[in-house]
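Numbers restart at 1 for each chain; the letters A, B, ... are given by sequence-line order, proteins then strands.
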2 protein chains.
Amino acid sequence: MQHKDIWRGLDQLAGQHGLSASGLAKRAGLDPTSFNPSKREGANGRPRWPTTESLARVLEAVGAGFYDFAALVEGRRGGSAPLIGFGQAQQDGFFDDAGFPVGAGWDDARFPGLGTETVYALQVSGDSMEPAYRAGDRIIVAPGAEVKLGDRVVAKTAQGEVMAKVLARKNTRIIELASLNPDYPSREFKPSEIAWIARILWASQ
Amino acid sequence: MQHKDIWRGLDQLAGQHGLSASGLAKRAGLDPTSFNPSKREGANGRPRWPTTESLARVLEAVGAGFYDFAALVEGRRGGSAPLIGFGQAQQDGFFDDAGFPVGAGWDDARFPGLGTETVYALQVSGDSMEPAYRAGDRIIVAPGAEVKLGDRVVAKTAQGEVMAKVLARKNTRIIELASLNPDYPSREFKPSEIAWIARILWASQ
DNA sequence: CCTTTACTAGGAATATTAACCTATCATCAA
DNA sequence: TTGATGATAGGTTAATATTCCTAGTAAAGG
């Protein structure tokens with residue numbers, strides 16, 4: 001996080017409420033010159049950081065949350081995390097001594113299902129889905145997500161059976177659902193025999 | 001947002017990284033006394049607000065985001081979803097016609113790693129981790145999470161190797177990491193040969 | 001067009017936090 | 001048990017942000 005990110009967040013917050021930075025400061029009971037663009041860096045080029053007290057006053061004045069403000073500052077929504085490949089993870093500089101991610105080499109990856117879309121979880125019992133899913137595992141399912149061939153899915157038949165499978169084939173005449181365990185045979189259905197198919201996004205470990 | 005919320009957030013952030021507030025300040029290159037409980041209010045009772053510059057340094061030092069910190073400050077708890085078992089899912093009344101969850105029978109389940117704690121993602125390449133993880137899969141790892149026997153973990157050796165395993169045994173003399181594929185043998189290490197172990201929370205599907 | 005208000009730059013004074021320092025107690029390792 | 005380190009309280013100094021003020025330009029309204 002850079003100081004200019006905070007200033008940008010303040011500008012965006014002001015904009016969301018139809019205000020200038022000056023107007024935002026005024027509404028918060030601060031001096032209207034407080035957030036002047038010219039005052040965001042000192043004459044020596046040193047960045048000026050708005051205080052958390054000023055931020056709290058501003059957020060109070062426009063009825064916004066700190067969490068919402070932080071999303072503006074970071075230009076991000078929920079459901080993302082730093083990401084690298086296993087290969088890069090072998091190199092120095094990606095983890096601190098305690099194993100936490102550090103450094104600039106991490107991408108920021110959005111993760112499907114972890115933002116605001118509707119998801120639900122199903123808990124596995126028994127061993128009928130091993131080795132893919134063990135008893136007690138929880139899978140996160142996104143009913144609104146696009147489903148492609150090869151995706152792991154939860155499907156419900158017209159008869160009411162709910163199962164976890166792999167979508168092997170889907171066309172106007174047939175829906176083939178392969179077993180998660182390749183030792184078991186695929187099952188084929190007519191489209192009318194399937195009530196819905198939803199993509200599995202995540203499995204707990 | 002009150003000033004004490006920010007201090008609480010800082011304390012929680014410190015705790016997540018196994019630090020005291022003093023240790024957190026120190027790690028951020030600030031004076032270790034900066035966040036002393038005694039300095040959070042002035043002698044006249046006026047609240048003291050940490051500067052955004054100090055926050056930025058702290059977040060940089062522990063690799064956390066401003067957004068994550070804001071969630072701590074506001075006590076926000078993301079990362080939950082409706083949950084039922086696969087058995088219940090066979091019954092009527094849990095899904096609408098399009099497969100979205102409906103009805104009152106769903107529990108609300110919190111999901112580790114999907115709220116505010118620090119997590120990162122590693123992307124799998126190649127087929128060396130099948131059948132547990134396929135190429136392109138992403139696993140979510142929580143460096144601060146408690147690790148128990150039987151957990152799937154990412155471990156880094158003192159030599160720098162990073163691997164995904166199952167924690168089979170851990171005591172003062174030996175750390176045994178079992179392969180995710182039971183056809184492969186376990187590996188045993190002296191504790192000094194392991195730099196860190198972090199729990200895998202989720203695998204993409 | 002004129003007046004008022006808003007926005008912005010810039011400087012000095014004021015207020016507040018961080019840095020620096022000292023001291024004490026607690027914890028950990030040898 | 002001893003010594004080193006960490007955590008905490010508390011005081012002083014240095015650094016930094018806000019407030020207050022002035023002035024110019026822009027925008028809005030009559």
What is the distance, to the nearest angstrom, from the [atom1] atom on [X] to the [atom2] atom on [N]?
{"X": "B:Leu30", "N": "C:dC21", "atom1": "CG", "atom2": "C1'", "value": "17 Å"}
{"X": "B:Leu55", "N": "D:dA17", "atom1": "CG", "atom2": "P", "value": "13 Å"}
{"X": "B:Leu24", "N": "D:dT8", "atom1": "CG", "atom2": "C1'", "value": "15 Å"}
{"X": "B:Phe35", "N": "C:dA19", "atom1": "CZ", "atom2": "C1'", "value": "12 Å"}
{"X": "B:Lys26", "N": "D:dA4", "atom1": "NZ", "atom2": "C1'", "value": "11 Å"}

Touch class at under 4.0 angstrom, heavy-atom based, for A:Gly23 against every strand present: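 Touches sugar-phosphate only.
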Name the nucleic acid region contacted by B:Arg40, choosing base, sugar-phosphate or nothing; use a 4.0 angstrom heavy-atom cut-off, strictly under.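 Result for B:Arg40 = nothing.
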Let me have a per-nucleotide readout for nucleotides 8-17 of chain C, 5' to 3', with B, S or -, counting only protein heavy atoms under 4.0 Å. BBBB----SS
For A:Glu60, does the CD atom sit with more than 12 other heavy atoms under 6.0 Å from it, leaving out its own atoms?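 No, CD of A:Glu60 has 12 or fewer neighbouring heavy atoms, counting only those of other groups under 6.0 Å.
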If you count every heavy atom of other residues, nucleotides or ligands that lies below 6.0 Å from B:Gln2 atom CD, does the total exceed 12?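 For B:Gln2, atom CD is not crowded (no more than 12 foreign heavy atoms under 6.0 Å).
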Nearest 0.5 Å, please: how far is CD1 in B:Ile6 from CG in A:Leu55?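 The distance works out to 7.5 Å.
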Return the set of residues passing side chain to side chain contact (heavy atoms under 4.5 Å, CB included) with A:Glu176 (not counting sequence neighbours), or none when no residue passes.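 Here the qualifying residues are A:Ala168, A:Arg169, A:Ser186, A:Glu188.
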Parallel, tilted or perpendicular: which describes the rings of B:Phe95 and A:Trp196, with under 30° parallel and over 60° perpendicular?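 Rings of B:Phe95 and A:Trp196: tilted, as their planes differ by 30° to 60°.
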Donor-acceptor pair, B:Arg138 side chain versus B:Val124 backbone, under 3.5 Å?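 No: the side chain of B:Arg138 does not pair with the backbone of B:Val124.
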